[in-house]
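Worksheet: the structure to be examined is printed underneath.
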Amino acid sequence: GSLPHPNVFGGFLFVCLFLGIVSGEGFFTQALKLKERFFKNVGASWNRLFLWFHTFVYYGGLIALTFGIFFSFSRSAWLAFAFAFCGLFAYQNNIELRKRIILVVLTFLFAAIVWHQPFLSRIWSEERLEQVSDTERLASYRVAENLLADFWLIGTGPGASTHAHFMFLEPHLQVWNYQPAHNIFLVSWLEWGIVSFLLFLILITSTARLAWQRKNPLVFLFVGLLIVGLFDHYLLTLPSGLLLFFFVIGLSGESLHSS
């Protein structure tokens, strides 16, 4: 699609699926209002057809999003999926919401059983692609550690960590080997400096703390996205990732204020 990497695709689908799960009641409430407004005088059979159609669209959408997350083969999205929905299931007493969580979890498990070979290959890093990915991640952490020794105070500048890697550490690598650290916390400290990094931590912790104190279920979405950020850099280095990350922060803040 229009996204630059399957991991970004998996992150977007994770956010969409979570929001779809928690907004189920609102979806059907709006469907009933629409029916009362435009189909008030139709027969009972048409009313049933209208409700069946909306039920099919809603639950079909949840299943499609779940399959999308699975086939993105993004391990960070899978981990966020597992944490967010296990936490939401334990936290919420809403029976209907729990049924929706069970549906998407069973859908994911069904896909994992049917396509178990590529699933297990991603989990255990058995194939060359997974091994290369793990090696590059570890190498990016070591590069960030070495650069932080010189740039911990003021940073390299936004988006300039790869240029610093080229200039000060390894100037003879192929261009595609220069990558940011696969961790948003390392990226923020290395590129923004210690002051901006501390402000970033304050933003994250205050958002999560307020969401938890006010019993906002979006806290699990936010923390799930932070789990993605522990293993990927795109939330701070790509335009699509920045939009996704601060969309979730803004949505959580709006939800908090409105509650």
Side-chain angles (χ1 to χ4, degrees), residues 3-8 10-12 14-15 74-80 83-84 125 130-213 219-253:
L3 298 174
H5 194 278
N7 287 345
V8 186
F12 266 83
F14 161 67
V15 172
S74 170
R75 289 175 291 183
S76 60
W78 289 354
L79 188 60
F83 167 82
S125 299
E130 286 76 24
Q131 293 171 1
V132 169
S133 176
D134 292 344
T135 300
E136 289 180 347
R137 273 185 168 81
L138 293 175
S140 74
Y141 299 151
R142 288 193 294 269
V143 168
E145 181 182 0
N146 291 332
L147 289 174
L148 277 172
D150 296 321
F151 294 98
W152 66 272
L153 182 59
I154 61 173
T156 63
S161 60
T162 52
H163 181 67
H165 182 190
F166 167 76
M167 291 293 295
F168 300 107
L169 292 181
E170 298 173 295
H172 304 298
L173 296 179
Q174 297 290 343
V175 64
W176 52 81
N177 289 322
Y178 295 104
Q179 299 184 37
H182 286 65
N183 182 297
I184 61 171
F185 300 98
L186 282 176
V187 168
S188 61
W189 188 359
L190 177 58
E191 295 191 352
W192 302 348
I194 187 64
V195 174
S196 296
F197 172 64
L198 293 176
L199 292 174
F200 180 64
L201 290 182
I202 291 172
L203 172 65
I204 288 174
T205 55
S206 60
T207 301
R209 179 175 56 85
L210 287 173
W212 179 259
Q213 288 177 347
V219 66
F220 296 104
L221 172 63
F222 182 62
V223 176
L225 208 58
L226 292 179
I227 290 175
V228 172
L230 290 175
F231 304 99
D232 276 307
H233 58 77
Y234 67 83
L235 293 174
L236 293 183
T237 58
L238 296 178
S240 54
L242 284 165
L243 287 171
L244 180 67
F245 187 52
F246 286 97
F247 167 75
V248 171
I249 291 178
L251 188 64
S252 300

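This chain uses plain numbering: 1 for the first residue, then up along the sequence. Small disclaimer: the values here were computed from a predicted structure and weren't measured.
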Check whether any side-chain heavy atom of [X] lies under 4.5 Å from a side-chain heavy atom of [Y], and answer yes or no.
| X | Y | answer |
| --- | --- | --- |
| Phe245 | Ile249 | yes |
| Leu242 | Leu235 | no |
| Leu190 | Phe197 | no |
| Ile227 | Ser76 | no |

Can you sort out the partners of [X] under side chain to side chain contact (heavy atoms under 4.5 Å, CB included), two or more places apart, ordered by chain and number?
| X | value |
| --- | --- |
| Val219 | Ala211, Trp212, Val223 |
| Leu238 | Pro4, Val8, Tyr234, Ser240 |
| Glu130 | Arg75, Ser121, Arg122, Ser125, Glu127 |

*Taking all atoms of both residues into account, what is the closest heavy-atom pair of Ala77 and Gly11, and its distance?*
CB-N, 4.2 Å
*Which atom of Pro180 lies closest to which atom of Val187, heavy atoms considered*: CB-CG2, 4.2 Å
Pairwise distance [atom1]([X]) to [atom2]([Y]) - rounded to 0.5 angstrom:
| X | Y | atom1 | atom2 | result |
| --- | --- | --- | --- | --- |
| Gln179 | Thr162 | CD | OG1 | 9.5 Å |
| Ser133 | Asn7 | OG | CG | 7.5 Å |
| Leu138 | Asp134 | CG | CG | 6.5 Å |
| Leu230 | Leu225 | CG | CG | 10.5 Å |
| Ser252 | Leu210 | OG | CG | 10.5 Å |
| Leu244 | Leu3 | CG | CG | 9.5 Å |

*Okay, side chain of Tyr141, backbone of His182: is any donor-acceptor separation there less than 3.5 Å?*
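Flag set: sc Tyr141 to bb His182 pair under 3.5 Å.
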*asked:* So, using ring-ring contact (aromatic ring centres under 6.0 Å, His included) as the criterion, who are the partners of Phe222 when residues are at least two apart?
replied: none
_Partner residues of Phe166 under the ring-ring contact (aromatic ring centres under 6.0 Å, His included) criterion, sequence neighbours left out_ = Tyr178
*Going by the salt bridge (charged side-chain N to carboxylate O under 4.0 Å, His left out) test, which pairs reach into residues 225-234, not counting sequence neighbours?*
Arg137-Asp232
*asked:* Tell me which pairs pass salt bridge (charged side-chain N to carboxylate O under 4.0 Å, His left out) where either residue lies in residues 163-178, with sequence neighbours left out.
replied: none
*Would you list the pairs meeting side chain to side chain donor-acceptor pair (under 3.5 Å) in which at least one residue belongs to residues 188-201, sequence neighbours left out?*
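Residue pairs with at least one partner in residues 188-201: Ser161-Glu191.
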Could you pull out every donor-acceptor pair under 3.5 Å between side chains of residues 144-155 and any protein atom, sequence neighbours left out?
from	atom 1	to	atom 2	distance (Å)
Asn146	ND2	Arg142	O	3.3

_Suppose we screen for salt bridge (charged side-chain N to carboxylate O under 4.0 Å, His left out). Which residues come up paired with Arg209, at least two apart in sequence or across chains?_
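Result, salt bridge (charged side-chain N to carboxylate O under 4.0 Å, His left out) vs Arg209: none returned.
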